[in-house]
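Below is one structure, written out as structure tokens; the observations come after it.
Atoms within a ligand are numbered from 1 in the order they appear, just like the ligands themselves. These numbers come from a predicted model, not from an experiment. Note that the numbering runs from 1 along the sequence shown for the chain.
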Amino acid sequence: MAVDYKEPAPYRRGEPNPNESMMVRFDKACQLYGLDEGLYNYLKHPVKIIIVSIPVTMDNGKLEVFEGYRVIHDNILGPSKGGIRYAPDVDLDEVKALASWMTWKCAIANLPFGGAKGGVRCDPKKLSSRELELITRRYTVNMLEIFGPDSDVPAPDMNTDEQIMAWIMDTYSMHKKETVTGVVTGKPIVIGGSRGRREATGRGVMIATMAAMKTLEMDTTSCTAVIQGFGNVGSVSADLLNEKGIKIIAISDVSGGYYDPKGIDVKRAIEYVSTHKTLEGGDFGSPVTNEELLEIECDILVPAAKEDQITAHNADRIKAKLIVEGANGPISADADDIIAAKGTRVIPDILANSGGVIVSYFEWVQDRIGYFWDEDDVNARLNRMMTEAFDAVYNTAIKYDTTFRLGAYIYAIDKVSKVLKLRGIYG
Ligand code: GLU
């Protein structure tokens, strides 16, 4: 059941790995911005990488050993922040890329956080709840010196949820001999979670999409959208975009997708998934594969599933006018120029999906003050911060005459490097 971590994770379709994809954009942005070589070298590498072994006695009595990672890219703006993913193919390169993305994401959103990411190489689908709990608790114990409300604050990511965050909080608190709710975000509301956190990433995707459509002068009353991924991010994005009058013509998840040019009843699909777990067996339109779905003619495409879905192999077949990256890294770097040459605009992941970490920040703040806001308050603050982040990225892209993606990187690099200079190098 445990994955043999000594073998490198099989890269999806042999694409450039996510860390290379991140570095290509980072390098281009540093060149355009003219970043000092020393600062470039500083920001290129994570400040800390932790790899731990996680032994667990499985339900069948056998001892299995899993591998866990936490990469702290930096803590220049504040404690490092970022999710933990559980997946059979997660590896250090992926976690490194995701950790740096968190640095840029937090900087763009004006949060007082650095960037980090964690991962455990396991297949959650094959694990019992007891096994999942043991993996989580042992991973947390291994990270006791790393995690902390003022040092490094994890959150959910792919295949991790509120329950897993509750186990992390409990394990950490047991060792500290006091309840430390602020050590992790994305917790259940009853134990210090924030209202609106669960929907925050999808809500942020909707806010970023609406802001982009306004800027690009797209007519929201006659637009169509295709959403890849129907987990937390994809389903909430689809629902909220639909509420804004955008017709959702295709949806998908790991089991495959559906296309209906007349428009899909998103709420019915959400209802269906809540009882059946996936979209499989539903009647939401003509069946399409995840690959076909990306190529459907539409105004807005939201890839909200996983990395490297749009690469040099299929980029020229994408017909959307606007792509909003709900997932982290759904477009590989080798596809950027092909997409830009077609005139397709991309709202990059480090802006588009930052709603999750923005409300994580609100959760951390509420845990620290011990006073909890109502959902309207959370949503209004999210709306304001996302809109400000969008405007900052847009203005930077205009100033440097570049894409929204490179504008986003430049804005983040400018902020982080200025703070780094102010703090100075100790040593
Ligand atoms: N995992 C989410 C992300 O990639 C949220 C991170 C957080 O809330 O710290 O942005």
Structural part of [X] in contact with ligand 1, heavy atom criterion under 4.0 angstrom:
X: Pro156; answer: backbone
X: Arg85; answer: neither
X: Asn328; answer: side chain
X: Lys117; answer: side chain

**Prompt:** Does the gap between the ring centers of Phe284 and Tyr272 come in under 6.0 Å?
**Reply:** yes

**Message:** So that I know where these two stand, are Phe26 and Trp104 an aromatic pair - ring centroids less than 6.0 Å apart?
**Reply:** yes

Non-hydrogen atoms of [X] and [Y] that approach each other most closely:
X: Ala392; Y: Thr396; value: O-OG1, 2.6 Å
X: Gly186; Y: Glu363; value: N-OE1, 2.8 Å
X: Ser332; Y: Ser21; value: CA-OG, 3.5 Å

**Asked** Hey, is Glu292 close enough to Arg317 for a salt bridge, meaning N to O under 4.0 Å?
**Response** no

**Asked** Counting each atom of ligand 1 from 1 as listed, which ones have a heavy atom of Met102 under 4.0 Å away?
**Response** 3 (C), 4 (O), 6 (C), 10 (O)

**Request:** State the atoms of ligand 1, each with its element, that fall below the 4.0 Å cut-off from a heavy-atom position in Gly82.
**Result:** 9 (O)

**Prompt:** If only atom types and distance count, is the side chain of Asn75 paired as donor or acceptor with the main-chain N or O of Gly114 below 3.5 Å?
**Reply:** no

How far is [atom] from the closest protein heavy atom, and which atom is that?
atom: atom 9 (O) of ligand 1; result: Lys81 NZ, 2.8 Å
atom: atom 5 (C) of ligand 1; result: Arg197 NH2, 3.6 Å
atom: atom 8 (O) of ligand 1; result: Ser360 OG, 2.5 Å
atom: atom 1 (N) of ligand 1; result: Asp157 OD1, 2.7 Å
atom: atom 7 (C) of ligand 1; result: Ala155 CB, 3.3 Å

**Asked** If we only count heavy atoms from C-beta on, is the His73 to Met102 side-chain gap below 4.5 Å?
**Response** no

**Nitrogen or oxygen atoms of Lys105 and ligand 1 under 3.5 Å apart** = yes

**Asked** Mind checking whether Met158 has a heavy atom under 4.0 Å from ligand 1?
**Response** no

**Request:** Anything under 30° is parallel, anything over 60° is perpendicular, the rest tilted; go ahead and classify Trp364 against Phe113.
**Result:** perpendicular

